[in-house]
2 protein chains.
Amino acid sequence: MAITQTTKEKVKLTAQKLFRERGYAAVGMRELAKEVGIEAPSIYNHYKSKDDLLREICFDMAQQFFAAFDKTVVTEEKFQRKLKAVIKAHIGVIASNPEASEVFFNEWMFLGQPHLGKFKKMRFEYEMKFRDIIDKGVKKGDFKKMNSKLIAFAIFSALNATYDLYRSNENLSQEEIAEDISDLLLKGLKS
Amino acid sequence: MAITQTTKEKVKLTAQKLFRERGYAAVGMRELAKEVGIEAPSIYNHYKSKDDLLREICFDMAQQFFAAFDKTVVTEEKFQRKLKAVIKAHIGVIASNPEASEVFFNEWMFLGQPHLGKFKKMRFEYEMKFRDIIDKGVKKGDFKKMNSKLIAFAIFSALNATYDLYRSNENLSQEEIAEDISDLLLKGLKS
DNA sequence: TTTTCAAACTAACAAGTGTTAGTTTTTAGC
DNA sequence: GCTAAAAACTAACACTTGTTAGTTTGAAAA
């Protein structure tokens, strides 16, 4: 817990909150500034532009997803275990910051170039890491034969919506969410 | 296929396209009008306001989802069959209009009151129809015991993202999508 | 041919947009 | 306490926003 908060941090946190609540395009700089407790032009002492702010939010999250994936080393040979581990890591990142995650998933389209292009590329690479596990699992016989692209899509869709579960708190723990959802999906992959 | 298209229809279709591509808040009335081939104020001969336009798009889709669900009468007693049938109906509605579906799922938050309230209520009711099938299936023993709310959430997340599959066409048929995804999910529910 | 009405138009308003310039205040280092 | 830099401020620009008022056009009904 940060005892003190720099203005820059406050701007970023407030932007995350407002962008999530109302969408990037619908939030004005004056409104953002007011919520922070400063005047709009003061924001430009910390961020080059509105787009720059969105860029930082989105790319910070992207980095977290990659880091969580790469940190997940599974020595076990079973692909069910491997997939479950990265699913949990993915859900864990979302759980650690549902607000920024929602912005990441829903507002990236407002990024200007060249960031937008880089973002799409990174997201594709990340998705391919998952697809790779599924494909290898199918090849080895751990998973049934299937349209891996379609299945990976369905899995991501279920995982990426989990930010919604932390909004109006229903006393669902991250562990419970990760366990139930990965169980549902992994069972469906059984060969 | 409509051979001729009224201006009102053209406005609605163009709005669906633009709202999907760039988001409701980022699309201006002048831009929408230009794409239709008229001037901005002419739109007001057909729609009361920008919000009115979004309202029509969203509530038309809502009606289609309800209609498809209610039309799905399954005489079979197995809840797997019942659930599979409504899943397919749901995916079918999305497939029949992926563009409007995407607006429906992602832009409803820009609805003004009282439409926003009504929309939320309808969506909740619709989701409860699905939850109801799952709960009854669990009670009867067709599905394993589980957190039905969480599972319903995951199922909806997977289904509602399918509009994305029709965007950059990958030669995926609606039947293939519905079959693969419902298989994945139903297997995970097995008792 | 005249009347009527819907649907297009032009002009404009009031408010809001992101952002820059220039200035003052606050903070930190010596 | 003095200096330098960071971070706040006010004022403003050029442009866009949704929408209204008032007018003209085009086609159908009489």
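Reminder, nothing fancy here: chain letters follow the sequence lines and each chain counts from 1. Just the heavy atoms: all of them, side chains too, but no hydrogens, waters or symmetry mates, feed the values below.
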Requested in this report: In whole angstrom, give the distance that lies between atom NZ of A/Lys50 and atom C1' of C/dG16.
Outcome: 12 Å
Report task. Could you state the atom-to-atom distance from CG of B/Leu53 to P of D/dT19 in whole Å? Result -> 10 Å
Using a cut-off of under 3.5 Å, enumerate the N/O to N/O pairs linking the protein to nucleotides 22-29 of chain D.
none

Query raised in the report: Base, sugar-phosphate alone, or nothing: which one does B/Val36 contact when heavy atoms must sit under 4.0 Å apart?
Result: nothing
Query raised in the report: Contacts to DNA chain D from residues 11-18 of chain A, heavy-atom cutoff under 4.0 Å, which residues?
Result: none
Query - Qualifying residue, where the test is side-chain hydrogen bond (donor to acceptor under 3.5 Å, both in side chains) with B/Glu35 and the options are B/Lys10, B/Arg30, B/Lys17 - result: B/Lys17
Query raised in the report: B/Lys48 NZ to D/dT20 P: how many Å, rounded?
Result: 11 Å
Query raised in the report: Can you tell me how far P of D/dG18 sits from OH of B/Tyr47, to the nearest Å?
Result: 16 Å
Report summary line: Residues joined to A/Met128 in its hydrophobic cluster, side chain to side chain under 4.5 Å directly or through other members, sorted by chain and number, are A/Phe124
Query raised in the report: Any idea how A/Phe119 and A/Phe59 line up, ring-wise: parallel (<30°), tilted (30 to 60°), or perpendicular (>60°)?
Result: perpendicular
Query raised in the report: Which whole-number value in Å describes the distance from A/Phe110 CZ to C/dT17 P?
Result: 15 Å
Report summary line: With sugar-phosphate taken as primed atoms, P, OP1 and OP2 and all else as base, the protein-contact string of nucleotides 7-13 of chain D at under 4.0 Å (heavy atoms; B, S, -) is BBBBBB-
**Report entry** Pairing residues for A/Asp180 by the side-chain contact (heavy atoms from CB on, under 4.5 Å) criterion, not counting sequence neighbours
**Finding:** A/Glu176, B/Asn147, B/Leu150
Report summary line: So the ring-ring contact (aromatic ring centres under 6.0 Å, His included) pairs with at least one residue in residues 31-56 of chain B (sequence neighbours excluded) are none
**Report entry** Residue list, side-chain contact (heavy atoms from CB on, under 4.5 Å) with B/Asp51, at least two apart or on another chain
**Finding:** B/Tyr24, B/Ser49, B/Leu111, B/His115
Query raised in the report: Any donor and acceptor pair, going by atom type alone, linking the side chain of B/Glu107 with main-chain N or O of B/Arg20 inside 3.5 Å?
Result: no
Requested in this report: Identify, with sequence neighbours excluded, every residue that meets salt bridge (charged side-chain N to carboxylate O under 4.0 Å, His left out) alongside B/Asp135.
Outcome: none
Requested in this report: Run the numbers on A/Leu32 and A/Leu53 for side-chain contact (heavy atoms from CB on, under 4.5 Å), then give the verdict.
Outcome: CA-CA 11 Å; A/Leu32 169 56; A/Leu53 195 40; 3.6 Å; yes
Query - Between C1' of C/dA12 and CE of B/Met29, the distance in whole Å - result: 17 Å
Query raised in the report: For the pair made of CG in A/Leu54 and C1' in C/dG18, what is the distance, rounded to whole Å?
Result: 15 Å
With 3.5 Å as the limit, what N/O pairs link the protein to nucleotides 25-29 of chain C?
none

Query - For A/Leu13, side-chain contact (heavy atoms from CB on, under 4.5 Å) partners two or more places apart - result: A/Gln5, A/Gln16
Query - Sub-4.5 Å side-chain heavy-atom contact between B/Glu99 and B/Phe19 - result: no
Contacts table for residues 85-97 of chain A: side-chain donor-acceptor under 3.5 angstrom, sequence neighbours left out:
unit_1: A/Lys88; atom_1: NZ; unit_2: A/Glu179; atom_2: OE1; d: 2.7
unit_1: A/His90; atom_1: ND1; unit_2: A/Tyr126; atom_2: OH; d: 2.7
unit_1: A/His90; atom_1: NE2; unit_2: A/Asn160; atom_2: OD1; d: 2.6
unit_1: A/Ser96; atom_1: OG; unit_2: A/Val93; atom_2: O; d: 2.7
unit_1: A/Asn97; atom_1: OD1; unit_2: A/Ala100; atom_2: N; d: 3.3

Requested in this report: For B/Lys34, enumerate each residue passing the side-chain contact (heavy atoms from CB on, under 4.5 Å) test, keeping only those at least two apart in sequence or located in another chain.
Outcome: none
